[in-house]
Amino acid sequence: MTSLTLIYTGLYYFAAIVLIAGVAYRIVEYSRTPAPLKIPTTPAPTTGAGVAMRMAREVVLFESLFKSNKWIWVFGWMFHVGLALVLLRHVRYFQEPMWFVIEFVQPYGTYASFMMVAGLLGLWARRFLVDRVRYISTPSDHLMLALLVAIGVSGMMMTFVSHTDIVALKAFTLGLVTFDWQPLPSDGPLLVHLALVALLMIIFPISKLLHAPGIFFSPTRNQVDNPRETRSIAPWAAAAERK
Amino acid sequence: MAVPEFEVPKLTEYTEVPKINPGVMAHVKTFPAAEASQTFLGYPWALTDDWQERAIDKMGDLLGKYRSLRVFMDACVHCGACTDKCHYFLGTADPKNMPVARQDLMRQVYRRYFTIPGKIAPWLVGAKDLSKEILDDWYNYYHQCSECRRCSVYCPYGIDTAEVTMAGREILNTIGMGQKYSSEILTKVQKIGNNLGLPGPALEDTLLGLEEDIELDTGVPVKIPLDVKGSEILLVTPSADFFSEPHVESLIGYAKVFHAAGASWTLSTHASEAGNFGLFNGNYETMRKVAMRIRDAALELGVKRIIVGECGHAWRVAYSFWNTLTGIGFGGNDPFSIELQQQLDHRYKQPMHICEYTWDLIQKGTLKFDKSLNDDRVITFHDSCNVARGSRMGEEPGDQFTIPRNVIMAVANNFHDMAPETIGEGTFCCGGGGGVLTDDLIEVRVKGALPRMNAFNNVVQADGVNFLALICAICKAQFTKVIPYYGFDRSMVGGVHQLVSTAIKLD
Ligand code: HEM
Ligand code: HEM
Ligand code: SF4
Ligand code: SF4
């Protein structure tokens, strides 16, 4: 095995562990932190099923954002839907044989990359053009967008400009999953693409990308509006009550 | 009206989003709390020597106790969707009044002390050491937030800046930087029984006087009972209802409704305040202590129902938190809540809002009105933020918007809503909620009222509206004070039950 393969193999195990352990840690931390008071933003659903619907609308349609700002919604939704399709298309690198959906999404995934990158550029433009958004932007906000654009563009280079050896790559990625390590093709765009993706995986659990798990734990969105009918009390508050 | 030392914003047809103007509101400092009240509440009253350590410890404590704070600190992506949603930003143009920037005042410190990137590369993620300058920013800008939750409606993750403001104020209190206004009110309510510090005998006198006034006015002996054991209903209402104008007109309205319904009801000296400023300061224990007065009074008087008068934040605490804090509600399975819940009448919602009560009676046909008595009024209704976004009435989500309007339309002929994006869940705060209703913050209050005033002015111009109907004691006090700055007459401000009072037929 070449040292290049060795480095990327090591990098990907490291990144995968950080991502999985990190996100798992966050999820445990969020779920262990009590929500002592009922604070859904009302009008809120009065049943658990209603809350599931509300959450689904937030995650799939970005409902609140739609009410809020149409430009952010358009760009944000383009980016995320594009990203979702691209990621679905990428599942093929880790499956043999492939599920039907993954096969089905292949042609769309290619063009979704344009949607994803266009959305990102739109969001980025706002960080320069809108004075309020410029004021709140930190360097990390810009770098996060730069990172995602670079991942997208390096991927598109391979799709549309200089193809990489997909068969060999797939052997490499499947090898990672099955612990049967295979050499990695060494084209520039692929190496860049993969290095940036690993970086993204590593920073995921310590950055604002936590909005993805975070939204499911947001008390203003995930609570049922029934405080007159049910009594809820956090463990630390109950302990104080008994004193 | 005194001449203001600041420029009152001009009314415009639409509330335009201003260009940011950094630092324009940095000079506004609410008066600091003094020794007596802070000591009573268990806080230091001057900046402690170990303020930095203490503040970080407190932040860690709150992060561990409140999922809201924990998730909100991490989840914000700086998308900017909330930046034009706060009435204080719209009215002042100070960028630190943008919800996300207000959160960032805390987030910069959170990142520095509680996250890996903030520890190793603070410049990258905007993390900062907690400094005296940051404390000053906290003190200034956490008292320019009325905890109205408008931002949380529009944030894609529901990030509620009110939760951050509450945490910020609690940390400030812990290191000796409390606010005079809230601190004194929380002391009075616990020592005397209400926010205004009105002692029992004075309350009794006031109520007797009101009974005389009503009888003179209507010829009907409507009673306002106090501390009557064995009554069916305990009415808990903001103490401003006892003698502030126009609040008292609504109190008279409740009394007339109870009279017309033949209800057995009482007020309580011990619980002569529905308001609970514990909410504003993010201290669970204080909020609970203040709320416990209601439970104690209910047990003491043996009432079967608890009804809450016109007050926004009080209704949020009552509706959303009383069951948790005091067991007022249903569904408890511990001895503490069962003790009270078996006393309460399960056929009714507990607690119940006075508008729910009146609307029920109207639907049953128990109350009779002469709507024409309100014909000199052209009415609009302001949804109070805590009712709109922090609680509910009735059975269905959104009944908190329809029920008060239904009551108004049942007692009056002329009603016009303000622009849809300024009412309902998107309602603009009056500008005086959340512990901001104090003269030392008048500039914040006047400027923060701008979006509401613009929407109001539009219906005044277009529909001839001359009455702003409210269901909140803070809204009433705020608007009577602030509306003249915008060229309106303070007699335009009143309560929903004031309208009920005008039109109700008594016999
Ligand atoms: C449950 C899944 C997710 C949901 C519901 C979600 C939702 C959102 C929403 C509503 C926004 C704000 C609007 C916008 O700027 O687009 C946002 C921003 C963002 N999301 Fe997600 N997201 C999810 C997953 C992800 C993932 C997996 C990534 C990255 C790999 C990601 C990256 C971003 C970035 C970088 C931004 C900030 C864009 C900017 O700088 O303006 N999101 N997300
Ligand atoms: C281990 C993970 C990944 C591997 C092995 C990988 C590999 C590849 C390969 C080989 C291509 C070229 C496809 C072709 O020639 O048809 C590609 C394209 C692309 N990749 Fe990735 N990628 C990974 C992760 C990601 C991630 C996390 C993102 C997004 C954040 C991303 C975004 C893209 C985009 C936008 C394209 C172009 C559109 C397309 O062909 O789907 N990739 N990737
Ligand atoms: S809670 Fe209300 S006052 Fe506070 S930041 Fe949000 S919109 Fe502004
Ligand atoms: S809308 Fe929410 S996520 Fe977006 S900047 Fe405001 S608080 Fe942050």
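Proteins come first, then strands; the chains are lettered A, B, ... in the order of their sequence lines, and each starts at number 1. These numbers come from the heavy atoms of this one structure, side chains and all, not from hydrogens, waters or symmetry mates.
- In this structure, chain B has a heavy atom under 4.5 Å from the side chain of A:Arg221, while its backbone stays farther away.
- At a 4.5 Å heavy-atom cutoff, the contact between B:Tyr319 and chain A is made by backbone and side-chain atoms alike.
- For A:Pro213, no part sits under 4.5 Å from any heavy atom of chain B, backbone or side chain.
- Highest contact tally toward chain B, considering only A:Ala44, A:Gly214, A:Pro139, is held by A:Pro139 [criterion: heavy-atom pairs under 4.5 Å].
- A distance-only check finds no donor-acceptor pair linking the side chain of A:Thr230 to the backbone of B:Gly331 [under 3.5 Å].
- Between A:His211 and B:Tyr157, the two ring planes are tilted [angle within 30° to 60°].
- For B:Phe336, the part sitting under 4.5 Å from any heavy atom of chain A is the side chain, from C-beta outward, and nothing else.
- In terms of non-hydrogen atom pairs under 4.5 Å with chain B, the most contact-rich of A:Ile39, A:Ile206, A:Val130 is A:Ile39.
- Interatomic distance, A:Lys208 NZ to B:Asp74 CG, rounded to the nearest 0.5 Å: 13.0 Å.
- Between chain A and the residues B:Glu163, B:Glu285, B:Arg111, the most heavy-atom pairs under 4.5 angstrom are made by B:Glu163.
- In this structure, the portions of B:Cys79 lying under 4.5 Å from any heavy atom of chain A include both its backbone and its side chain.
- Of the possible donor and acceptor atoms, one in the side chain of A:Asp131 sits under 3.5 Å from a partner among the backbone N and O of B:Ile20.
- Atom CG of B:Asn323 is separated from atom NZ of A:Lys38 by 10.0 Å, given to the nearest 0.5 angstrom.
- Listed here is the closest heavy atom pair of A:Val133 and B:Gly80: CG2-CA, 4.3 Å.
- For chain A, no part of B:Asp399 is nearby; none of its heavy atoms comes within less than 4.5 Å.
- Judged by distance alone, the side chain of A:Thr220 and the main-chain N or O of B:Gly158 form a donor-acceptor pair under 3.5 Å.
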Can you give each donor-acceptor pair under 3.5 Å made by side-chain atoms of residues 6-20 of chain A, sequence neighbours left out, with the distance rounded to 0.1 Å?
| unit_1 | atom_1 | unit_2 | atom_2 | d |
| --- | --- | --- | --- | --- |
| A:Tyr8 | OH | A:Leu191 | O | 2.7 |
| A:Thr9 | OG1 | A:Thr5 | O | 2.6 |
| A:Tyr12 | OH | A:Leu194 | O | 2.7 |
| A:Tyr13 | OH | A:Leu176 | O | 2.6 |
| A:Tyr13 | OH | A:Trp181 | NE1 | 2.7 |

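- Side-chain contact between A:Ser137 and B:His78 is absent, with no heavy atoms from C-beta onward closer than 4.5 Å.
- Within 6.0 Å of OH on A:Tyr111 lie no more than 12 heavy atoms contributed by other residues, nucleotides or ligands.
- For the atom pair A:Thr138 OG1 and B:Asp104 CG, the distance stands at 8.0 Å (nearest 0.5 Å).
- Looking at B:Ala388, the atoms closer than 4.5 Å to chain A (heavy atoms on both sides) all sit in the backbone: N, CA, C or O.
- The contact between B:Leu63 and chain A is made entirely by backbone atoms, counting heavy-atom distances below 4.5 Å.
- Looking at B:Thr324, its side chain does come within 3.5 Å of a backbone N or O of A:Ser232 through a donor-acceptor pair.
- Heavy-atom proximity under 4.5 angstrom to chain B picks out A:Ser64, A:Leu65, A:Lys67, A:Ser68, A:Ile72 from residues 59-72 of chain A.
- Most heavy-atom pairs under 4.5 Å with chain B, from the set A:Ile215, A:Leu123, A:Leu143: that is A:Ile215.
- Counting heavy-atom pairs under 4.5 Å between each of B:Tyr66, B:Phe401, B:Phe89, B:Trp123 and chain A puts B:Tyr66 at the top.
- Among the candidates B:Ala81, B:Gly424, B:Ala318, B:Gly426, the residue making the largest number of heavy-atom pairs closer than 4.5 Å to chain A is B:Ala81.
- Residue contact with chain B, scored on non-hydrogen atoms closer than 4.5 Å, is absent for A:Arg134.
- Inter-residue side-chain proximity for B:Phe72 and A:Pro219 is flagged as met; some heavy-atom pair is nearer than 4.5 Å.
- Counting heavy-atom pairs closer than 4.5 Å to chain B, the top-ranked of the candidates A:Ser31, A:Ala212, A:Gly50, A:Ser207 is A:Ser31.
- Between chain A and the options B:Thr115, B:Leu69, B:Val125, B:Leu325, heavy-atom pairs under 4.5 Å are most frequent for B:Val125.
- With a threshold of 4.5 angstrom between heavy atoms, B:Val387 approaches chain A through N, CA, C or O but not through any side-chain atom.
- Under a 3.5 Å cut-off, the side chain of B:Arg67 and the backbone N or O of A:Pro34 do not form any donor-acceptor pair.
- Contacts between A:Leu209 and chain B at a heavy-atom distance below 4.5 Å are absent for every atom of the residue.
- Formation of a donor-acceptor pair under 3.5 Å by the A:Arg132 side chain with backbone atoms of B:Pro95 is not found in this model.
- Distance OG1/A:Thr46 to CD/B:Glu395: 9.0 Å, rounded to 0.5 Å.
- Chain A forms more heavy-atom pairs under 4.5 Å with one residue of B:Val17, B:Asn333, B:Val71 than with any other, namely B:Val71.
- For A:Ala234, no part lies under 4.5 angstrom from a heavy atom of chain B.
- Inspection of the A:Thr41 and B:Ser152 side chains reveals an N or O donor paired with an N or O acceptor under 3.5 Å.
- Both the backbone and the side chain of B:Pro351 have a heavy atom closer than 4.5 Å to some heavy atom of chain A.
- Between chain B and the options A:Met144, A:Arg126, A:Glu58, A:Arg127, heavy-atom pairs under 4.5 Å are most frequent for A:Arg127.
- Atom CG of A:Asp225 sits about 4.5 Å away from atom CZ of B:Arg392, to the nearest 0.5 Å.
- For B:Ser320, the parts sitting under 4.5 Å from any heavy atom of chain A are the backbone and the side chain alike.
- Here A:Phe217 contributes atom CZ and B:Arg70 contributes atom CZ; the two are 12.5 Å apart, rounded to the nearest 0.5 Å.
- Contact of B:Glu396 with chain A is not made at all, since no heavy-atom distance falls under 4.5 Å.
- Heavy atoms of A:Glu229 lying under 4.5 Å from chain B belong to its backbone as well as its side chain.
- With a 4.5 angstrom heavy-atom cutoff, B:Met292 does not touch chain A via any of its atoms.
- For chain A, the option among B:Gly398, B:Ser391, B:Gly329 with the highest count of heavy-atom pairs below 4.5 Å is B:Ser391.
- With a threshold of 4.5 angstrom between heavy atoms, B:Ile116 approaches chain A through side-chain atoms but not through N, CA, C or O.
- Although no hydrogens or angles enter the test, the distance criterion places a donor-acceptor pair under 3.5 Å between the side chain of A:Thr42 and the main chain of B:Gly390.
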